[in-house]
Amino acid sequence: MTRLLNNSIIPLFNYFEPSVIQSFFSIPLQAIFIYIGDLTMSTTKYREFNQLNLPTIEQEILAKWAENQAFEKSVSLREGAEPFVFYEGPPSANGMPGIHHVISRTLKDLVCRYKTMQGFQVKRKGGWDTHGLPVELGVEKELGITKEDIGKKISIVEYNQKCREAVLRYKDKWDELTTKMGYWVDLKNPYVTFENEYIETLWWCLKRLYEKGLLYKSVSIQPYSPAAGTGLSSHELNQPGTYKDVKDTSAVAMFKTAKNGDSQFLFDAAGNDEVFFLAWTTTPWTLPSNLGLTVGGNIDYVLVKTFNPYTHLPVNVVLAKNLIGKYFKPEGENGDFAGYTAETKLLPWQILAEFKGKQLEGLRYEQLLPYEANTPEKSGGDPFRVLVDSFVTTEDGTGIVHTAPAFGADDYKVGKKYGIGILTLVDREGKFVDGLGEFSHRYVKNYKDEQNYVDVNVDISVKLKKENRAFKVEKYEHSYPHCWRTDKPVLYYPLDAWFIKTTAVKDRMVELNKTINWKPKATGEGRFGNWLENMVDWNLSRSRYWGTPLPVWRTADGSEEKCIGSIEELNTEIRKANEVLGGDVNKHYLHDGILDLHKPYVDEVVLVSKDGKPMHREPDLIDVWFDSGAMPYAQWHYPFENKDAIEKGTAFPADFIAEGVDQTRGWFYTLHALGVMLFDNVAYKTVVSNGLVLDKNGNKMSKRLGNVVNPFETIGTFGADATRWYLITNASPWDSLKFDIEGIKEVQRKFFGTLYNTYQFFALYANVDGFAFKEAYIPIDQRPEIDKWILSSLQSLVKNVTENFNQYEPTLAGRLIEDFVDEQLSNWYVRLCRRRFWKGEYEHDKISAYQTLYECLETIARLMAPVSPFFSDWLFSNLNAVTGKVDETSVHHVLYPKAKEEFIDLGLEERMQLAQDASSLILSLRKKVNIKVRQPLQKVLIPVFNSSMKGQLQKVEDLIKTEVNVKEIQYLTDTEGFIKKKIKPNFQALGKKLGGKMKAAGVAIGQFTQEDIALLEKEGTYSLLIDNEPLILQLNEVEITSEDIPGWMVANKGILTVALDVTLTPELESEGNARELVNRIQKIRKDNGYELTDRIMVRLADSEFVKQSVSQFDEYIRTEILADKLELVDGLIDGTEIEVNDISLKIQVTKSIN
RNA sequence: AGAUCCGUAGCUCAGCCUGGUUAGAGCACUACACUGAUAAUGUAGGGGUCACCAGUUCAAAUCUGGUCGGGUCUACCA
């Protein structure tokens, strides 16, 4: 189905009507034709648009990609190039994708696109995780059955068929997201974990582990989910959200000490009254299975005389000394025993004896809850004794641990050591077995979501209370593991299971982990490192139906076993068994061999041992995490195919993988474990783990809270590019991201809007002038200063962006691009250069401007392509369609820019910064005195402190003058003497030298007079006394700035100070008016809807000030407004009324006729 | 309970590694301006005890220790 669908895309274009294509892609027809018309063919005009619409652009680009098979081409173009190996972590398609999938996939995509543009070949095989519990539970729910019904109400064949269908239920949605968000991954030939070939590789892996002695069977106490009916692996238990705070009924039970020689010392101290051991439990349901009490050997215990708070009977209890405070109040010590009644609130107590835990070892006690099912004989050991072990602490409870070997790993271990036997009084559904009186058949937790569930733990506690066997019963809130799928509490349960002995390679895993580049670093060292240090063997077994079967066959007595590593091997064994065992054995599989490696077929296969005994398959399935952990090999059907790809390093290990941080103990772990165990190698060289996506208030997104963001809506409304750009640039991928739609809007407006405007500006004028980059590339040294500058900045940008991408820091890279586009390119270069595009002839300077802006835009398109693949391709194609500079039809096929170091001129970038600062200061001064920029001013003074500063400023002088509309800049050196200066210590330099005297020096320097400063500047040094010690102050140990120029408007920023002459001469005013006139007429031109190039005729109502301006600036005005004629008319009646400096006049604008 | 990351303007984030004296940017808000790129842009303004406490230092948002709050993870925890 998968293949059919995807392979069909291309033929569709060829054979069907456009309307079919349209409905298939839900793309407006127009878009398809536009692109066919405008993008595939070269054209002479740059495309112009009314407004930016990212979603439309994206649809257009998607259609183009589909038509050109752009993704496939991006891989095939690099055939023979060095491979960059990427692994796609397989998603499970049985749930809807969410916005958090968009961030990790953006991350993966951008790295792959970047590396492709760096010249690597990046194959990206998609994949689907198809086995496992989520699928099974979904099917059970859908069919309204439980695990018990499988094989009864529904056959395993049918059930597995349902699973096979259900698992790709949302595949279409996933594919749609993949396409719409612009994630390039091979969806046509994905690896699918349920396919035979995939499973065959898994079997090969298992057999290899088996041969290395790393696969073994053992009984162990494991987390078990009665609700799901399966054991859980440690990584499943380590899924986020499994540990939840729950309130359980906890009980401190009283175990009655048996009187014998060993315990006599207790009874002596207690005056031969009853003595009880106090033991705490949060799971009273384990009490019937109690077989021991464990104490710490070196812990101090006490015997306390008191009353039972429920029955008010006098009792003597044993507990850890440190924990007395938990049960007794200090003021009750040695209290009034005689006067104690049921109403007494304060419990009197008295310590009768104190002893170490080891003195209690071997003491016996009476069984707490005896029934038919838990007689000592049934335990198979010698139960009801006090045991000693080191796991006991005095942080909680009583310091005496109730020990039920079946239901705790520690309990099992210590129980085995002492031989107290084992009782498993709860069945696999989570209910008590027969023979436990009133508790028989009751669920120990509410596994079935019964409305009227009565907590058996409460009933047990009540019973204990009544029988004088409970000392304290209370609700206790603690965190308890829950099944990650069913949300029901897990219990620990003795199970037979197959394990991978990961602990055997722990050291090697730790060692190799140190060679992995983790982003962020802390995850690898801390979270993953700690996890490796504390690793336990990997429990592979799952008692379910839909999954990879364990390929191990055993004789009934377990004396012989066989691990199968390939289909061929299995078929051979099948025939052999039939020959040896005869009859109907394997008769269904003799002819064609086995066709499906799943249950129930594999279970029907009987193999034969060396000595002719039948062997049956171990019934377990394996952990789905093994499926995904083995994907590097299984996706290529290694070693049955593609042997070299794995062994010669072209497909293993991965150069890069990325997933959510929640995969640290999941996929990242199993990949690593298998890489180390199978090939003694890392499975990936770099791993990026991204953080969670939270809602805008910082809460986790969950269906329950209803704050889940639908990625389709977001992408549909704002575009994939804006979404991707936002997700990447807002916060580092590994920080958790507070997702806010407003942020995407901002990105769209500020970054894409600005860049789009810049392109639009370019297209507008380039079309007028017919610029198609046909002229020779103008050497950089023949371009004006500002072109040199923007190109220098651009190359610095290329360099920095590349560095950041190489470091897997896309956030920083994106922010740099953003800054460049907004600050440098749009708001400085284009703004200052506007006139160059619309004025003058099409010659050197103008061509230089076009070439420069073109280069910037084209380079930006390439730089941003990894993060926002659509807009960049659109921009790139629009440009290239006219110039045809490169042959590739997509930005994703070209190479990433390489920084042209020779273009970088840091001095130039520095002085442009000076120009920007100076302009900003001057504009702020204009603002202060309320003089419009349109009004020319005569002069600016800038104090300079050295010749280099002056030189720098002089080179950008024209830019400043134009920008702020000032006629001249005058540089002041201190020889003029009327600058008021300010001096400040250079703390960094001086602090190191002076240390403790810094403060005093600071005060002294602050008191410098203008003369002192002048002296220091002249001499270069200055002597002063600090704390009666001489100090020779160097010029470089202070910062001297000009503070004020008396009589001038002054502003400063850092070292730069500007002073503005705000005197308005009639001359200047007249020029200002001329500019006002130009402005008004331009507005009228625009309102009238004239073309940029239309010539006009203007008639102005005559008046005094108009006469002044027009007579003086007639030519200037006419050039600006493209007027053939500008005349003053008396008594003009018709025309537009305008206002210039509070004077209104009439004006008439008409098109020239020619 | 431990580990780890985080806490800077109403919001999103820089700055912290390498301590240096007016703590920055964008958004939002207010006012004014500019504009043949115009749903853009500029200037100005309000808005911060850099979570808190202590220490080191001449000097702390920055280094150290602790406290509080939040996230994530771990845990045999009876």
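Any value given below was found using the heavy atoms of this structure, including those in side chains, with hydrogens, waters and symmetry copies removed. So you know, we letter chains A, B, ... as the sequences are listed, proteins then strands, and number each from 1. Just so you know, these numbers come straight off a predicted model, no measurement behind them.
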Engineer: Look at all strands and tell whether A:Arg926 reaches a base, only sugar-phosphate, or nothing, counting heavy atoms closer than 4.0 Å.
Structural biologist: nothing
Engineer: Closest approach to the side chain of A:Arg749, judged atom by atom: which nucleotide of B:G20, B:G42, B:A39 is it?
Structural biologist: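 Looking only at side-chain atoms, A:Arg749 lies closest to B:A39.
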Engineer: Sticking with atom C1', work out how far B:A3 lies from B:U49, rounded to a whole angstrom.
Structural biologist: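 Their C1' atoms lie roughly 32 Å apart.
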Engineer: Using atom C1' of each nucleotide, how far apart are B:A9 and B:A25 to the nearest Å?
Structural biologist: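 One C1' to the other, the span is 11 Å.
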Engineer: Would you compute the distance between atom NZ of A:Lys997 and atom CG of A:Leu1031 and round it to the nearest 0.5 angstrom?
Structural biologist: 7.5 Å
Engineer: Given A:Tyr850 and A:Asp769, is the side-chain hydrogen bond (donor to acceptor under 3.5 Å, both in side chains) satisfied, shown in steps?
Structural biologist: CA-CA 10 Å; A:Tyr850 279 126; A:Asp769 285 319; 2.6 Å; yes
Engineer: Taking only N and O in the side chain of A:Thr282, is any of them less than 4.0 Å away from OP1 or OP2 of B:A78?
Structural biologist: yes
Engineer: Counting only side-chain heavy atoms from C-beta out, which of B:G20, B:A37, B:A78 sits nearest to A:Trp280?
Structural biologist: B:A78
Engineer: Could you walk me through whether A:Phe762 and A:Phe837 pass ring pair (Phe, Tyr, Trp, His ring centres under 6.0 Å), step by step?
Structural biologist: CA-CA 8 Å; A:Phe762 168 82; A:Phe837 292 92; 7.4 Å; no
Engineer: Using the C1' atom as the point on both nucleotides, what is the distance between B:C17 and B:G71, in whole Å?
Structural biologist: 23 Å
Engineer: Would you measure the distance from the P atom in B:C11 across to the matching atom in B:C52 and give it in whole Å?
Structural biologist: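 Nearest-Å result for B:C11 against B:C52 at atom P: 15 Å.
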Engineer: Base, sugar-phosphate or nothing for A:Tyr412? Non-hydrogen atoms, less than 4.0 Å.
Structural biologist: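 No contact.
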Engineer: Test A:Leu464 against A:Val473 for side chain to side chain contact (heavy atoms under 4.5 Å, CB included), laying out the working first.
Structural biologist: CA-CA 9 Å; A:Leu464 294 177; A:Val473 173; over 6 Å; no
Engineer: Counting the atoms with a prime plus P, OP1 and OP2 as sugar-phosphate, which does A:Asn1079 contact under 4.0 Å by heavy atoms, base, sugar-phosphate, or nothing?
Structural biologist: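 Sugar-phosphate only.
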Engineer: Contact class for A:Gly991 (heavy atom, under 4.0 Å): base, sugar-phosphate, or nothing?
Structural biologist: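 Base contact.
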Engineer: Reading RNA chain B from 5' onward, which residue's closest nucleotide shows up sooner: A:Thr283 or A:Met998?
Structural biologist: A:Met998
Engineer: Rounding to an integer number of Å, can you tell me how far A:Glu809 CD sits from B:A14 P?
Structural biologist: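 In whole Å, B:A14 P lies 11 Å from A:Glu809 CD.
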Engineer: Could you tell me how far B:G55 sits from B:U43 if I compare only their P atoms? Round to whole Å.
Structural biologist: 43 Å
Engineer: In whole Å, what is the span from the CD atom of A:Glu746 to the P atom of B:C29?
Structural biologist: 12 Å
Engineer: Ignoring backbone atoms, establish whether A:Asn730 has a side-chain N or O less than 4.0 Å from OP1 or OP2 of B:C13.
Structural biologist: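 Yes, because at least one side-chain N or O of A:Asn730 sits under 4.0 Å from OP1 or OP2 of B:C13.
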Engineer: Step through the shown structure and confirm whether more than 12 heavy atoms of other residues, nucleotides or ligands are within 6.0 Å of NZ on A:Lys416.
Structural biologist: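 No, not enclosed.
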Engineer: Is the number of heavy atoms from other residues, nucleotides or ligands under 6.0 Å of A:Gln807 CD greater than 12?
Structural biologist: no
Engineer: NA contact type, A:Phe407, heavy-atom cut-off 4.0 Å: base, sugar-phosphate, or nothing?
Structural biologist: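 Contact class for A:Phe407: none.
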Engineer: Between B:U62 and B:A51, how far is it from one P atom to the other, in whole Å?
Structural biologist: 8 Å
Engineer: For the pair made of NZ in A:Lys326 and P in B:C77, what is the distance, rounded to whole Å?
Structural biologist: 16 Å
Engineer: Tell me the interatomic distance from A:Phe987, atom CZ, to B:A23, atom C1', rounded to whole angstroms.
Structural biologist: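 A:Phe987 atom CZ is separated from B:A23 atom C1' by 16 Å.
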Engineer: Do NZ/NE/NH1/NH2 and the carboxylate oxygens of A:Glu818 and A:Lys750 come within less than 4.0 Å?
Structural biologist: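 The answer is no: the pair does not qualify as a salt bridge.
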Engineer: Spell out yes or no: do the side chain of A:Thr294 and the base of B:A78 have one donor N/O and one acceptor N/O closer than 3.5 Å?
Structural biologist: no
Engineer: Which helical stems does RNA chain B take part in, if a stem means at least 3 consecutive Watson-Crick or G-U pairs with both distances below 3.5 Å?
Structural biologist: B:1-7 with B:68-74, B:10-13 with B:24-27, B:29-33 with B:41-45, B:51-55 with B:63-67
Engineer: Take A:Gln760 and A:Asp822, find for each the nucleotide of RNA chain B with the closest heavy atom, and name the residue whose nucleotide sits nearer the 5' end.
Structural biologist: A:Gln760
Engineer: Figure out the CG/P separation between A:Leu832 and B:G42, and round it to whole Å.
Structural biologist: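 To the nearest whole Å, that distance equals 13 Å.
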Engineer: Rounded to whole angstrom, note down the P distance from B:C29 over to B:G69.
Structural biologist: 35 Å
Engineer: How many Å lie between CZ on A:Phe762 and P on B:A37, as a whole number?
Structural biologist: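 From A:Phe762 CZ to B:A37 P: 16 Å.
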Engineer: Taking only side-chain nitrogens and oxygens of A:Ser826, does any of them come within less than 4.0 Å of OP1 or OP2 of B:U41?
Structural biologist: no
Engineer: Contact class for A:Lys750 (heavy atom, under 4.0 Å): base, sugar-phosphate, or nothing?
Structural biologist: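 A:Lys750: backbone/sugar contact only, no base atoms under 4.0 Å.
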Engineer: Just how far, in rounded Å, is P of B:G26 from CG of A:Asp819?
Structural biologist: 10 Å
Engineer: How is A:Thr403 classified with respect to the nucleic acid when contacts are heavy atoms under 4.0 Å: base, sugar-phosphate, or nothing?
Structural biologist: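 The answer is nothing, as A:Thr403 stays clear of every strand by at least 4.0 Å.
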Engineer: Give a yes or no on whether the backbone of A:Val964 and the side-chain of A:Arg926 come within a donor-acceptor separation of less than 3.5 Å.
Structural biologist: yes
Engineer: Once you apply a heavy-atom cut-off of 4.0 Å, does A:Lys984 come out as touching a base, just sugar-phosphate, or nothing?
Structural biologist: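 A:Lys984: backbone/sugar contact only, no base atoms under 4.0 Å.
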Engineer: Measure centre to centre between the rings of A:Phe668 and A:Phe528, then say whether the value is under 6.0 Å.
Structural biologist: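 For A:Phe668 and A:Phe528, the ring centres are not under 6.0 Å apart.
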Engineer: Could you state the CZ-C1' distance from A:Arg815 to B:A14, rounded to the nearest angstrom?
Structural biologist: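 Checked: the CZ to C1' distance equals 7 Å.
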Engineer: Say we look at B:A44 and B:G26: how far apart would their P atoms be, to the nearest angstrom?
Structural biologist: 11 Å
Engineer: Assess whether a salt bridge exists between A:Lys413 and A:Asp389, defined as any Lys/Arg side-chain N lying under 4.0 Å from an Asp/Glu carboxylate O.
Structural biologist: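 No, no charged N to carboxylate O under 4.0 Å.
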